[in-house]
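Lettering of chains follows the sequences in order, A, B, ..., and the numbering in each one begins at 1.
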Amino acid sequence: MLDEALEHLVKGIVENPDEVQVHTKNLRRGRVLEVRVHPDDLGKVIGRSGRTARALRTVVGALGGRGVRVDLVDVDQIR
Amino acid sequence: MTDGTTAAGLAEEAAPQVTPEVTDEATAEEETPATRESRLARLEREGDIAADYLEGLLDIADLDGDIDMDVEGDRASVSIIADDDTSVSRSLQKLVGRDGEVLEALQELTRLAVHRETGERSRLMLDIAGFRARRREELAEIGRKAAEEARSTGKPVRLDPMTPFERKVVHDAVKAVGLTSESEGEEPQRRVVVVPA
């Protein structure tokens, strides 16, 4: 549910919603939600002084993802 | 799009922010019926976009809640309400968060979703489970008490620092009882000062 909620929130605010992907990774340190967006949208999901990224993390935290890390990367970045 | 792709690029674009709290009301009076209609249509469209975005989230998160839309002055206003059911109200509390922290985050994202569709910056107000309505009542009470104090002591009353939204509510409450108030200081330390008549 968390990944789906995050995907919905991000898709609604970017110019290229079709290129949004959210992957859940279960690492030993905990769960990571990795959000990939079109390179042109990375600034948008980060926001001025990281404001949008913080808002996304706050909502994910509230939906039960406390301790879940949210990583924002652009689709061209290599894993 | 020419939007900066880095956080730094966006910071430059959105440089100085003057709070327009005093001019909010004045502009509404001078408009013609035609501009009023198009403004209402624009704000209603903002509400529709916001409602879609929020409804999608409620569905995914399996949270119950009805969405109420309205236009208040020059803003669209959207509320997620609990429909008198206390268990629903309780589950919506997680979307409010401590001191409305999650509510602010959701409002921020909702405004961005509106901006994506309309291309214009939105000043939409989001409320969840009546949080902002209650806060507004508390702030109005703070404003009225400060006005009373200023009146009886004859001295200015300086209040705690508040957000632009909070100051606006206090200014309005002070004005309603016939006193004037101003804001002083720089954000985020900007505060209301109630001036004795």
Side-chain angles (χ1 to χ4, degrees), chain A residues 1-24 31 33 35-78, chain B residues 1-17 48-63 80 91-119 121-122 126 128-129 131 188:
Chain A
M1 179 279 270
L2 270 185
D3 51 344
E4 210 188 324
L6 183 56
E7 186 176 308
H8 170 78
L9 290 172
V10 173
K11 276 188 167 172
I13 63 173
V14 297
E15 296 296 331
N16 305 280
D18 293 346
E19 298 197 33
V20 175
Q21 297 167 20
V22 178
H23 297 290
T24 305
R31 191 144 53 119
L33 295 177
V35 184
R36 289 169 174 265
V37 297
H38 188 280
D40 289 350
D41 284 326
L42 190 59
K44 196 155 270 173
V45 293
I46 292 169
R48 170 160 42 103
S49 340
R51 218 178 133 131
T52 311
R54 205 176 321 128
L56 289 167
R57 291 184 177 115
T58 299
V59 176
V60 167
L63 292 175
R66 225 170 291 277
V68 174
R69 204 172 87 198
V70 175
D71 281 355
L72 305 168
V73 296
D74 81 46
V75 281
D76 291 349
Q77 274 170 345
I78 297 159
Chain B
M1 291 291 289
T2 54
D3 271 356
T5 52
T6 64
L10 288 177
E12 275 171 24
E13 171 198 46
Q17 267 205 336
D48 286 340
I49 299 164
D52 281 349
Y53 186 64
L54 293 165
E55 234 151 44
L57 180 67
L58 293 179
D59 277 355
I60 294 166
D62 203 18
L63 290 170
I80 305 177
S91 74
L92 282 181
Q93 285 310 316
K94 64 174 153 189
L95 294 184
V96 174
R98 197 155 51 93
D99 298 329
E101 179 196 35
V102 182
L103 169 62
E104 293 296 338
L106 263 181
Q107 175 175 282
E108 174 92 11
L109 295 171
T110 306
R111 284 178 173 182
L112 291 173
V114 171
H115 174 86
R116 202 268 308 266
E117 296 296 311
T118 64
R121 194 154 290 187
S122 167
L126 175 65
I128 299 176
F131 176 84

| query | To the nearest 0.5 Å, how far apart are OG1 in T52(A) and CG in L112(B)? | reply | 5.0 Å
| For H8(A), all residues meeting ring pair (Phe, Tyr, Trp, His ring centres under 6.0 Å), sequence neighbours excluded | Y53(B)
| field | Counterpart residues, salt bridge (Lys or Arg N to Asp or Glu O under 4.0 Å), relative to D48(B) (two or more places apart) | value | none
| request: Mind checking the CG-CZ spacing from D41(A) to R116(B)? Nearest 0.5 Å is all I need. | output: 9.0 Å
| Looking only at heavy atoms, which of residues 103-110 of chain B get nearer than 4.5 Å to chain A? | A105(B), L106(B), E108(B), L109(B)
Donor-acceptor pairs are to be reported for all side-chain atoms of residues 93-101 of chain B against protein atoms at under 3.5 Å, with residues two or more places apart or in another chain.
none

| message | Using side-chain contact (heavy atoms from CB on, under 4.5 Å), reason through L57(B) and L63(A) one step at a time and then give a plain yes or no. | response | CA-CA 10 Å; L57(B) 180 67; L63(A) 292 175; 4.1 Å; yes
